[in-house]
Enquirer: 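So that we are looking at the same thing, I have put the structure below in structure tokens.
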There are 2 protein chains.
Amino acid sequence: MFDQFRKYLDDKTNLSEEDFQLIESVSITKKLRKHQFLLAEGEVCSFNAFVCEGLLRKYSVDDKGIDRTVYFATENWWIADRKSLMEGTPSKYFIEAVENSTALLISKANFEMICERIAPFKDMVNLILQRSLNATHDRINNTFQSTAEEKYKHFLRSFPNLANRAPRHMVASYLGITPETLSRVRKDISTK
Amino acid sequence: MFDQFRKYLDDKTNLSEEDFQLIESVSITKKLRKHQFLLAEGEVCSFNAFVCEGLLRKYSVDDKGIDRTVYFATENWWIADRKSLMEGTPSKYFIEAVENSTALLISKANFEMICERIAPFKDMVNLILQRSLNATHDRINNTFQSTAEEKYKHFLRSFPNLANRAPRHMVASYLGITPETLSRVRKDISTK
DNA sequence: AAAAACGCTTGATAAATATCAAGAGGATCA
DNA sequence: TGATCCTCTTGATATTTATCAAGCGTTTTT
């Protein structure tokens, strides 16, 4: 399972054999069955997770009991509740396996230790943060004042492989529209 | 003008006198009149800007010529087009002074140099990045599937001092609603 | 000081989306 | 295998929001 992570790291940065061994020594393999939670609301998030296979999603539940999907993570993506992790506060989010999945978990303390000891790793992490911020701004920019159809098209462009893996109602909640509206949008697009 | 930045840095991190002098030596004071652009669409963003006083906003213009405000920055906030800065690509955004403002500009090369030479500065930058990402996720979480009224209330909570400084149409475009709807929402709220 | 431009509000109407309700097809489970 | 649960779709209606249009102060310009 670590092989995949190693390949990822090899691609993104330049580490020594020693570095890899250190990272492997603190990476915990976690298998998740569909519907299983990696994090539940109210818990303090204590890890960063790297997704090796499968699909996870992060969502909150509002006053009316409605899901709000904030994020999807597939192979080679990171997932965590950074705010809870940074501040040690209870999370407002659930992180749930949408498919049977495998992730590598690195605890907060170990993650910081690695960043401290392996400068290129730290740089990589910060680069990912920047990219993530850019992507999030892009998402806001492309969906805030758009119609349901435009939002969905942008989603398809951004995550072409996700549209068929994630259930519609999750995609709908990611886009901030109802499943019914998404269904109609899909119909409209297909009949053009 | 650098005093304010110095105070900010003193608050956020721990720098030596030498560090301050290095940072000051690469900080360029820029005065902006209301409506003046700090960055225009199509230009490559070449700096990070720290706002000393005034109010700036970052926005794009869509196909139909409609503004999409992505970000406001007041005193002690940073602003730039990170994507353009990182990748050296033409920006899709305008950065404009909403009020007469003063900012400190640090060029890309100098910013990287500072990060390289002053480790605590680099750490501070990365912490800000993380916070920024958290805030952006929070924004998505609180406005994507909300009504106009909920969006505006969340805005008031997040930026209590901005609601009266920024023109309504900019706030509206930040929230992804029309100025008319914002006007009605404000009326509804005030008559309760 | 008058004219023009701008920002905001309000009203009437149109369009988009949500809500409520029902049903069809597949997967899952006993 | 049949029953149940999920997921998705579709229809009818209600609600929200956008659009179009007009008017009123304020600020800016000349």
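Residue numbering restarts at 1 for every chain, and letters A, B, ... go by the order of the sequence lines. Model, not experiment: these values are computed from the prediction.
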Enquirer: Over how many whole Å does the gap from A:Lys187 atom NZ to C:dA16 atom C1' extend?
Expert: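 Interatomic distance, NZ of A:Lys187 to C1' of C:dA16: 16 Å.
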
Enquirer: Rounded to whole Å, how long is the line connecting atom CG of B:Asp67 with atom C1' of C:dG7?
Expert: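 Computing the B:Asp67:CG to C:dG7:C1' distance gives 14 Å.
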
Enquirer: Please collect all side chain to side chain donor-acceptor pair (under 3.5 Å) contacts where either partner lies in residues 108-125 of chain B, sequence neighbours excluded, each pair once.
Expert: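 The answer is A:Lys122-B:Asp123, A:Asp123-B:Lys122, B:Ser107-B:Asn110.
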
Enquirer: State which residues pass salt bridge (charged side-chain N to carboxylate O under 4.0 Å, His left out) with B:Glu75; sequence neighbours excluded, sorted by chain then number.
Expert: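 So B:Glu75 forms a salt bridge (charged side-chain N to carboxylate O under 4.0 Å, His left out) with B:Arg165.
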
Enquirer: Just how far, in rounded Å, is P of C:dC6 from NZ of B:Lys34?
Expert: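 After rounding, the reported distance stands at 12 Å.
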
Enquirer: Under the rule for salt bridge (charged side-chain N to carboxylate O under 4.0 Å, His left out), what residues qualify as partners of B:Glu180, not counting sequence neighbours?
Expert: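 Listed in chain order: nothing, the list is empty.
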
Enquirer: Send over the distance from A:Asn100 CG to C:dA27 C1', rounded to a whole Å.
Expert: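 In whole Å, C:dA27 C1' and A:Asn100 CG are 14 Å from each other.
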
Enquirer: With sequence neighbours left out, which residue pairs that include part of residues 18-32 of chain A fulfil the side chain to side chain donor-acceptor pair (under 3.5 Å) condition?
Expert: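 Checked against side chain to side chain donor-acceptor pair (under 3.5 Å) - neighbours excluded - the pairs reaching residues 18-32 of chain A are A:Ser16-A:Asp19.
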
Enquirer: Applying ring-ring contact (aromatic ring centres under 6.0 Å, His included), name anything that partners B:Phe20, two or more places apart in sequence or on another chain.
Expert: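 None.
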
Enquirer: C:dT10 C1' sits how many Å from B:Arg186 CZ, rounded?
Expert: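 In whole Å, C:dT10 C1' and B:Arg186 CZ are 15 Å from each other.
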
Enquirer: Which residues pass the salt bridge (charged side-chain N to carboxylate O under 4.0 Å, His left out) test with A:Asp62, not counting sequence neighbours?
Expert: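 Here the qualifying residues are A:Arg68.
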
Enquirer: Got a sec, which pairs hit side chain to side chain donor-acceptor pair (under 3.5 Å) with one end in residues 32-49 of chain B, sequence neighbours left out?
Expert: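 For residues 32-49 of chain B: none.
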
Enquirer: Between A:Val44 and A:Gly88, what is the shortest heavy-atom contact and its length?
Expert: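 That would be CG2-O, 3.7 Å.
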
Enquirer: Can you name the nearest heavy-atom pair linking B:Phe47 to B:Leu85, along with the distance?
Expert: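 Of all heavy-atom pairs spanning B:Phe47 and B:Leu85, the closest is N-CD1, 3.4 Å.
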
Enquirer: Tell me, which pairs form a ring pair (Phe, Tyr, Trp, His ring centres under 6.0 Å) where one or both residues lie in residues 79-103 of chain B, sequence neighbours left out?
Expert: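 Found B:Phe37-B:Phe94, B:Tyr59-B:Phe94.
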
Enquirer: For A:Glu150 and D:dA18, what is the distance between atoms CD and C1' respectively, to the nearest whole Å?
Expert: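 Nearest whole value for this atom pair: 13 Å.
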
Enquirer: Quick one: bend of the helix from C:dA1-D:dT30 to C:dA30-D:dT1 from 5 pairs per end, to 10°?
Expert: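 About 50° separates the two local helix axes.
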
Enquirer: Look for any protein N or O under 3.5 Å of an N or O in nucleotides 17-20 of chain C and output each such pair with its distance, or none.
Expert:
unit_1	atom_1	unit_2	atom_2	d
C:dT17	OP1	A:Ala148	N	2.8
C:dA18	OP2	A:Thr178	N	3.3
C:dA18	OP2	A:Thr178	OG1	3.1
C:dA18	OP2	A:Thr181	OG1	2.5
C:dT19	O4	A:Arg184	NH2	3.0
C:dC20	N4	A:Glu180	OE2	3.1

Enquirer: Connecting only ILVMFWY residues whose side-chain heavy atoms lie within less than 4.5 Å of each other, what is the rest of A:Leu129's hydrophobic cluster?
Expert: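 Traced through the cluster, A:Leu129 reaches A:Leu133, B:Leu129, B:Leu133.
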
Enquirer: To the nearest angstrom, how far is B:Asp62 atom CG from D:dA18 atom P?
Expert: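 Whole-Å distance recorded here is 14 Å.
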
Enquirer: Could you identify which residues of residues 163-172 of chain A place a heavy atom less than 4.0 Å from some atom of DNA chain D, listed by residue number, or say none?
Expert: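 When residues 163-172 of chain A is checked for heavy atoms under 4.0 Å from DNA chain D, the hits, listed by number, are A:Pro167, A:Arg168, A:His169.
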
